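Some notes on the structure that comes next.
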2 protein chains.
Amino acid sequence: MAATETLTAERILEATEEVLRRYGPAKATVVDVARVLGVSHGSVYRHFRTKAALREAVTERWLERTIVALRPHVEAGEPADERLTGWLTALFTLKRRKAGGDPELMATFQVLIGENSAVVDRHEEHLVEQIARILEDGHGEGLFAAPERDFGTTARAVFDATDRFHNPAHAADWSAPDVEDAFTAIVSLVQRALRA
Amino acid sequence: MAATETLTAERILEATEEVLRRYGPAKATVVDVARVLGVSHGSVYRHFRTKAALREAVTERWLERTIVALRPHVEAGEPADERLTGWLTALFTLKRRKAGGDPELMATFQVLIGENSAVVDRHEEHLVEQIARILEDGHGEGLFAAPERDFGTTARAVFDATDRFHNPAHAADWSAPDVEDAFTAIVSLVQRALRA
DNA sequence: TGAATGACAGATATTGAAATCTGTCATCGG
DNA sequence: CCGATGACAGATTTCAATATCTGTCATTCA
């Protein structure tokens with residue numbers, strides 16, 4: 001219908017998200033995306049070389065949003081230990097709200113994540129960099145001890161230690177009655193380990 | 001063929017493991033199990049109420065083996081901090097060897113694990129109890145600080161923090177070149193957190 | 001001229017009929 | 001008498017024919 005607007009990668013990505021949301025990852029087709037946009041599917045291939053590339057771009061966009069949402073917690077003016085707890089809590093809360101609020105959409109993105117491990121690896125690196133920034137600040141503030149090896153390695157350890165509370169593979173556990181306690185326990189453990 | 005021996009639950013479980021190993025979780029049938037044992041499938045139902053119950057029992061047996069293999073690391077005469085590192089390393093090594101050595105069998109058991117979360121929960125509780133025992137000993141030896149809440153909660157936090165290195169859901173990551181470092185980093189983190 | 005189209009070949013997914021499996025139970029045989 | 005059997009109904013899976021989709025490209029149209 002709306003050939004009124006020019007066809008951009010951005011518009012295609014929006015349409016793709018809509019189609020994924022509506023039909024799920026198994027049934028979403030490039031033809032569906034083209035239909036939503038009112039163009040032929042050949043036009044979509046002018047902007048994305050393959051269906052896989054299209055899905056990858058959607059995945060990247062989705063993950064990027066998490067990075068942006070967490071940025072304030074890296075930069076806030078509080079002491080680093082509080083910022084770390086804030087960052088970890090924000091990440092957990094974010095993921096959990098998404099998982100709880102729309103389980104089907106979450107399942108859809110889990111499939112996409114499984115298809116695009118390279119994108120996910122890059123995303124994880126970004127998150128680990130955010131943690132590393134907080135750790136460096138914390139060391140500067142005299143709150144955190146010097147890292148055993150380097151900030152990156154310790155940041156990765158913090159990220160891995162909390163995996164159970166941000167990795168969508170564990171989303172099913174996040175509605176258990178005692179997750180909050182388990183999460184708090186891990187955060188305490190991490191804080192103890194880092195303390196100067 | 002061998003109706004020479006009496007049909008026991010134990011023999012059925014062995015046959016079921018063999019069938020699962022050979023055909024995988026999707027194609028393994030009760031009829032297959034009965035054929036291996038040389039009996040009619042009706043006889044299998046005398047010992048296990050349903051196919052699901054049979055699979056659950058196989059899962060339980062498999063998990064039990066891990067508990068047994070780790071027991072020595074709980075009881076060894078070394079200092080508790082070394083026992084903890086030994087226990088965590090043993091668990092990781094055990095899982096990783098299984099995953100690397102026979103990926104198909106691992107995939108099979110991942111399916112079974114997914115089907116039997118109640119059994120897995122009980123199994124995890126056992127493992128957490130083993131950790132808690134080491135933590136209590138370590139506190140007695142003056143190596144570990146008093147737990148923030150109780151030994152069980154801290155033990156669970158230690159278990160969760162190392163999830164990435166024993167949960168089969170992450171098996172795909174265990175062949176990465178830097179897993180060893182990541183594992184060592186987590187263990188250091190945990191040890192720092194516990195130290196008196 | 002350059003974006004958009006749609007027909008096309010090969011790959012993938014859907015569908016419904018046929019085959020197999022699960023779980024029950026009346027019957028058999030040691 | 002008691003464990004084992006195999007025929008059976010309903011549920012699930014398989015398989016092959018059919019339909020749809022992916023990715024390309026010569027052609028159209030603005």
Side-chain angles (χ1 to χ4, degrees), chain A residues 1-60 104 107-108 110-112 114-116 119, chain B residues 1-60 104 107-108 110-112 114-116 119:
Chain A
M1 32 158 66
T4 47
E5 280 180 77
T6 41
L7 188 61
T8 61
E10 182 61 22
R11 284 188 61 221
I12 293 173
L13 288 174
E14 268 160 29
T16 306
E17 260 199 59
E18 187 187 323
V19 168
L20 282 166
R21 206 181 298 270
R22 203 177 321 160
Y23 301 128
K27 290 198 204 151
T29 74
V30 176
V31 171
D32 291 331
V33 173
R35 187 168 21 245
V36 165
L37 291 165
V39 299
S40 82
H41 75 280
S43 301
V44 173
Y45 281 96
R46 174 163 299 282
H47 295 265
F48 295 93
R49 241 181 46 266
T50 63
K51 184 188 187 184
L54 179 55
R55 282 171 167 246
E56 186 179 299
V58 169
T59 308
E60 207 158 11
E104 280 192 49
T108 293
Q110 256 178 269
V111 172
L112 293 188
E115 281 171 4
N116 296 286
V119 171
Chain B
M1 34 155 70
T4 48
E5 282 178 73
T6 41
L7 188 62
T8 61
E10 183 62 21
R11 285 187 62 221
I12 293 173
L13 288 174
E14 268 158 30
T16 306
E17 261 199 57
E18 188 188 322
V19 168
L20 281 166
R21 204 180 299 269
R22 205 179 315 164
Y23 302 127
K27 291 197 204 154
T29 73
V30 176
V31 171
D32 291 330
V33 173
R35 189 170 18 246
V36 165
L37 291 164
V39 299
S40 80
H41 76 280
S43 301
V44 173
Y45 281 95
R46 176 163 298 283
H47 295 265
F48 295 92
R49 241 178 49 266
T50 63
K51 185 189 187 183
L54 179 55
R55 282 169 167 250
E56 185 179 301
V58 168
T59 308
E60 207 159 11
E104 281 192 49
T108 294
Q110 254 177 271
V111 172
L112 292 187
E115 282 171 2
N116 295 286
V119 170

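Since the structure is predicted, the reported quantities are computational estimates derived from the model, not experimental observations. Throughout, a chain's letter reflects where its sequence line sits, starting with A, and its residues are numbered from 1. Hydrogens, waters and symmetry mates are skipped; everything else that's a heavy atom, side chains included, is used.
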**Item:** Residues A:R55, A:K51; criterion side chain to side chain contact (heavy atoms under 4.5 Å, CB included); working and verdict
**Value:** CA-CA 6 Å; A:R55 282 171 167 246; A:K51 184 188 187 184; 3.8 Å; yes
**Message:** How many whole angstroms separate atom CD1 of B:I12 from atom P of C:dG23?
**Reply:** 14 Å
**Prompt:** Taking the side chain of A:T29 as heavy atoms from C-beta outward, which of C:dT5, D:dT22, D:dT5 is closest to it?
**Reply:** D:dT22
**Item:** Length of the CZ-C1' vector between B:F48 and C:dT22, whole Å
**Value:** 16 Å
**Request:** Check B:Y45 against B:H41 and note the closest heavy-atom contact, atom names and distance.
**Result:** CD1-O, 3.2 Å
**Item:** Reference residue B:V58; test side chain to side chain contact (heavy atoms under 4.5 Å, CB included); the match among B:V19, B:T16, B:N116
**Value:** B:T16
**Message:** Does A:Y23 form a side chain to side chain contact (heavy atoms under 4.5 Å, CB included) with A:T29? I'd like the steps, not just the answer.
**Reply:** CA-CA 9 Å; A:Y23 301 128; A:T29 74; over 6 Å; no
**Request:** Work out which heavy atom in B:H47 is nearest to a heavy atom in B:S43; give both atom names and the distance.
**Result:** CD2-O, 3.5 Å
**Request:** Please state how far atom NZ in A:K51 lies from atom P in D:dG23, giving the value in whole angstrom units.
**Result:** 8 Å
**Item:** Length of the line joining A:R35:CZ and D:dT22:P, which is rounded to integer Å
**Value:** 10 Å
**Message:** Return a single string for nucleotides 9-19 of chain D, one symbol per nucleotide in 5' to 3' order, where B is base contact, S is sugar-phosphate-only contact and - is none, cutoff 4.0 angstrom on heavy atoms.
**Reply:** -----------
**Request:** Using atom CG of A:L37 as one end and atom C1' of C:dT5 as the other, report the distance to the nearest whole Å.
**Result:** 15 Å
**Asked** Whole Å only: how far is the CG atom of B:D32 from the P atom of C:dG23?
**Response** 14 Å
**Message:** Quick check on D:dA4: is either OP1 or OP2 less than 4.0 Å from any side-chain nitrogen or oxygen of B:S43?
**Reply:** no
**Prompt:** Base, backbone or nothing for each nucleotide of nucleotides 24-30 of chain C, written B, S, -, heavy atoms under 4.0 angstrom, 5' to 3'?
**Reply:** B------
**Request:** For B:V30, answer base if it contacts any base atom (sugar-phosphate contacts may also be present), sugar-phosphate if it contacts only those atoms, and nothing otherwise; contact means non-hydrogen atoms under 4.0 Å.
**Result:** sugar-phosphate
**Prompt:** Out of C:dA4, D:dT5, C:dT5, which nucleotide sits closest to the side chain of A:V39?
**Reply:** C:dT5
**Request:** List the steps, then state whether side chain to side chain contact (heavy atoms under 4.5 Å, CB included) holds for B:L20 with B:L112.
**Result:** CA-CA 10 Å; B:L20 281 166; B:L112 292 187; 3.9 Å; yes
**Message:** Please check if the number of heavy atoms outside A:E104 that lie under 6.0 Å from its CD is greater than 12.
**Reply:** no
**Request:** For A:R46, enumerate each residue passing the side chain to side chain contact (heavy atoms under 4.5 Å, CB included) test, keeping only those at least two apart in sequence or located in another chain.
**Result:** none
**Prompt:** Closest heavy-atom contact between A:T108 and A:G24?
**Reply:** OG1-CA, 4.0 Å
